[in-house]
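Heads up, the thing below is written out as C-alpha cells.
Chain A is the first sequence line, chain B the second, and so forth, proteins listed ahead of strands; every chain is numbered from 1.
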Amino acid sequence: MRMSQLYSATLREVPAEAEIASHQLMLRAGLIRKVAMGIYSYMPVGWRVMKKIMQIIREEMDAQGGQEMFMPTVQPAELWQESGRWNVYGKELWRVKDRHDRDFLLAPTHEELITAHVRNDVRSYKQLPLMPYQIQTKFRDERRPRFGLMRCREFVMKDLYSFDRDEAGLEISYQKMHTAYTNVFNRCGLTCRPVVADSGAIGGSGSHEFMALSEVGESQILFCHKCDYAATDEIAAVEPCPTGVGETPASMEKVHTPDCKSVEAVAALLGMPANRLVKTICYMADGKFVTVLIRGDRQVNEVKLANVLGCVELFFADDETVRQHGMEPGYCGPVGLNQDVPVVADREVALMVNHACGAGEKDYHLKNVNPQRGDYRIDTVADIVLVEKGAACPVCGAPLDTARGIEVGQIFKLYTKYSAKLGARYLDEKGQEQDIVMGCYGIGVGRTMAAIIEQNHDDYGIVWPMSVAPWQVEIVPVNDKDEFLVEQAEGLYQELSKRGVETLIDDRKERPGVKFNDADLLGFPLRITVGKKCRETGTVEIKIRATGEVQEVALADVADIIQNLVRSMLQDLHCS
RNA sequence: CGGGACGUAGCGCAGCUUGGUAGCGCACUUGAUUUGGGAUCAAGUGGUCGCAGGUUCAAAUCCUGUCGUCCCGACCA
C-alpha cells in the first residue's frame, strides 16, 4: 500500500473526548471515528487490525471444531418472549419496531436464535456435539458507554455456542474453548489471565472471564501469588476470619451510643476495633425486605448476595421501609427481629464471639452478642463478603493481591437454561428425549484491539505485535526529491510485496520527521529507512519499533532479513 | 437515573464577566526555499458560534428550554 493513497488521517493533538491511552491513540492514528455515543466507524487502518484479530479467532475456533455461520442482528421479539428475556433484559435491550408496528430487537447476543435453529435441525444424539459460531455486530444500549471501544453500544463480537449431549460433553467443549481463548489472546500479544467469574443464578464453577491486565480495566480481579487462584471481585471467595474466637461468651449488654450511626463512631465509643462489630444492612430483593449481617469492617458483595437470594433487583431499603419492619436506621440489629424478616449472615458472622451490633432502637447498641448461643436467628449463612486485597486465599491461605483487567472474553456453561425453555431436545441411544446441554463463549473484538493498544504503546504511539499490525513493515524514503533513494525504496517495496510481506511505503511529499512520527504513532513493527547512507554505502536502516533497536544492512540483504524478522516475530507469538 | 463540566473551522482552544456582527495555533490549498525526528516565508480556503425561543436598535456574549458530549457515582450481563 502507498501511504499517499491511504484513506487515513493522523491527528497531532489529542481529541478532548478521549481519556485513556487506547482511545486517544485510536483516534489520533485514525483507526476509528466516533459516530455517536458508544458507536464508532472502523476506518481502513483500524479495520485491517480488526480483520487480523478476527482471522486469529477463526483459526482457533475452527481448530477446536467450530463452524462459522452468520445470523441476523434484527430479530423478532417472539423468540425473546419465549426465553423470557424480552421482559427481563431491561433497557439495555435495544428494541425497534418495523413498519407494521411489530416488535423487533437489535440482538445483544444470540442464545435464543441459535437455540431455535438447533431445536429445528437436531433430532438425534448422532448430530451432537456442535459448535456453531459467528463474528457479528451486537447491540447493547449501555447506560454509560465509555473509553472508546472499551464499552460500546454497537460492537463486534465473536460468539460461539456449544451443544452437547450431557455435562461430560459440555466439560470437553468448555475445555476446548478455554484452550482456544488462551491461544487467541497469546497470538494477539496480550497478557491475559483467565479468572473465575460470576455465573449468575446457575452457580458452580461455570464461568471464566479472560482478563487483559491493565490499569484502566473496568474489572477488579483478586489473585494468589502462591497458588493459581484468580477470580473477579464479584465472586472471589475468602477464608472466613471470625473475631473473638476462643473467648468465653459474656453476657449481653446494652450500651447507650447517642449519635453513633457509623461503624467507626460505634467502634470508637465502645473502644473496640471495627472487626468486633456486626453491621446490619437492609435490602429490597425483588421487592422483598431482607436483612444482611456482615462484619463491621467488611463490604457486602451484592453480586454474591443476589445469587444467594436468587433475585434480579437488589438495592438498599429506604428508612421508612426499615422502620416498618421494626428497626431504627443507623441502629439496626438482628436481636429480637420480627419473625417475618429473613436474615442472611456472612459465614464469618456466624462464627463470631462477643460481637457488638445495633440494638434495633435509637441511640443503643449491644455488646457481647453471640450468634452460636442463639442470641438471634439466622436463616441463611452464606459467603456474601466483598474480598479485598490481603484477604486469605481460599485455596492456600496466602494473602490475595489485586489487579485490574479488561474483560476481553468470557466462557460460560449454560447447561440447559435455554434449551429447556426453548425446547431444544434430542433423542438418545435409548430413544429418550433429553435437553441439549449448552455453553456460550464470547470475545469482544474491538475491546481486544483496545486492550492490545493499552498493553502495547509508548509516548510516541502504538507498538503493534506483529500478528495484528495493520502492515508488518513500513518503508520510509527520507528525501522525496532524491530520485535514487525513491527508486531504491520503490524497488524494496516491490520485492517485499512479491514475497508476501505486508508493506506500506510512505511515498508522501513530507519531511522525514513527519513520516517518522506517523510511523511511530501507527506502530508498524518494522521500519526501513532509505536515506543518504543508501547512496554512500549501499545500506539501509532497519528499526524495530518495540525495542528501538537499529541495524544497518546492505540493500541486497534487506528483503531476506526482513522476511526472517517477520517470521521470527510471528513465531514468538505462536503465529507462523 | 443522580452529581459535575463542556458544546465557537477537521483537531486543540481564546473571546462571554462589561452585548456592537468572530479570532489564535495546528491541519488544509498555491508558490518558493528546505529534506535523517512534527521546517521557513508569502498568499489563500474553511465557521448561520449545537438547536429553538425570548430580552434588545443590536446576542457567540444575557434569560428560558432543548439536544449532544465527557467525567464521577448508582444500576446492570
Just the rounded figure in Å: distance from [atom2] of [N] to [atom1] of [X].
X	N	atom1	atom2	value
A/Glu536	B/rG36	CD	C1'	12 Å
A/Tyr460	B/rG38	OH	P	11 Å
A/Glu234	B/rC75	CD	P	12 Å
A/Phe155	B/rA77	CZ	C1'	10 Å
A/Lys509	B/rA39	NZ	C1'	17 Å

Between [X] and [Y], does at least one N-O distance fall below 4.0 Å, as a salt bridge requires?
X	Y	result
A/Lys413	A/Glu171	yes
A/Asp518	A/Arg508	yes
A/Asp141	A/Lys91	no
A/Lys533	A/Glu541	yes

Summary of protein contacts for nucleotides 22-35 of chain B, nucleotide by nucleotide, where a base hit scores B, a sugar-phosphate-only hit scores S (4.0 Å, heavy atoms): ---BSS------BB
Donor-acceptor pair under 3.5 Å: do we get one between A/Glu209's side chain and the base of B/rA77? yes
Taking the nucleotide of RNA chain B with the closest heavy atom to each, which residue, A/Lys91 or A/Arg140, is nearer the 5' end? A/Lys91
Of A/Val14 and A/Val35, whose closest RNA chain B nucleotide lies nearer the 5' terminus? A/Val14
For A/His208, which of A/Tyr181, A/Tyr441, A/Tyr174 qualifies under side-chain hydrogen bond (donor to acceptor under 3.5 Å, both in side chains)? A/Tyr174
Proximal nucleotide (of [options]) relative to the [X] side chain:
X	options	value
A/Arg144	B/rA74, B/rG38, B/rU69	B/rA74
A/Ala16	B/rC13, B/rG36, B/rA39	B/rC13
A/Arg143	B/rC1, B/rG37, B/rC72	B/rC1

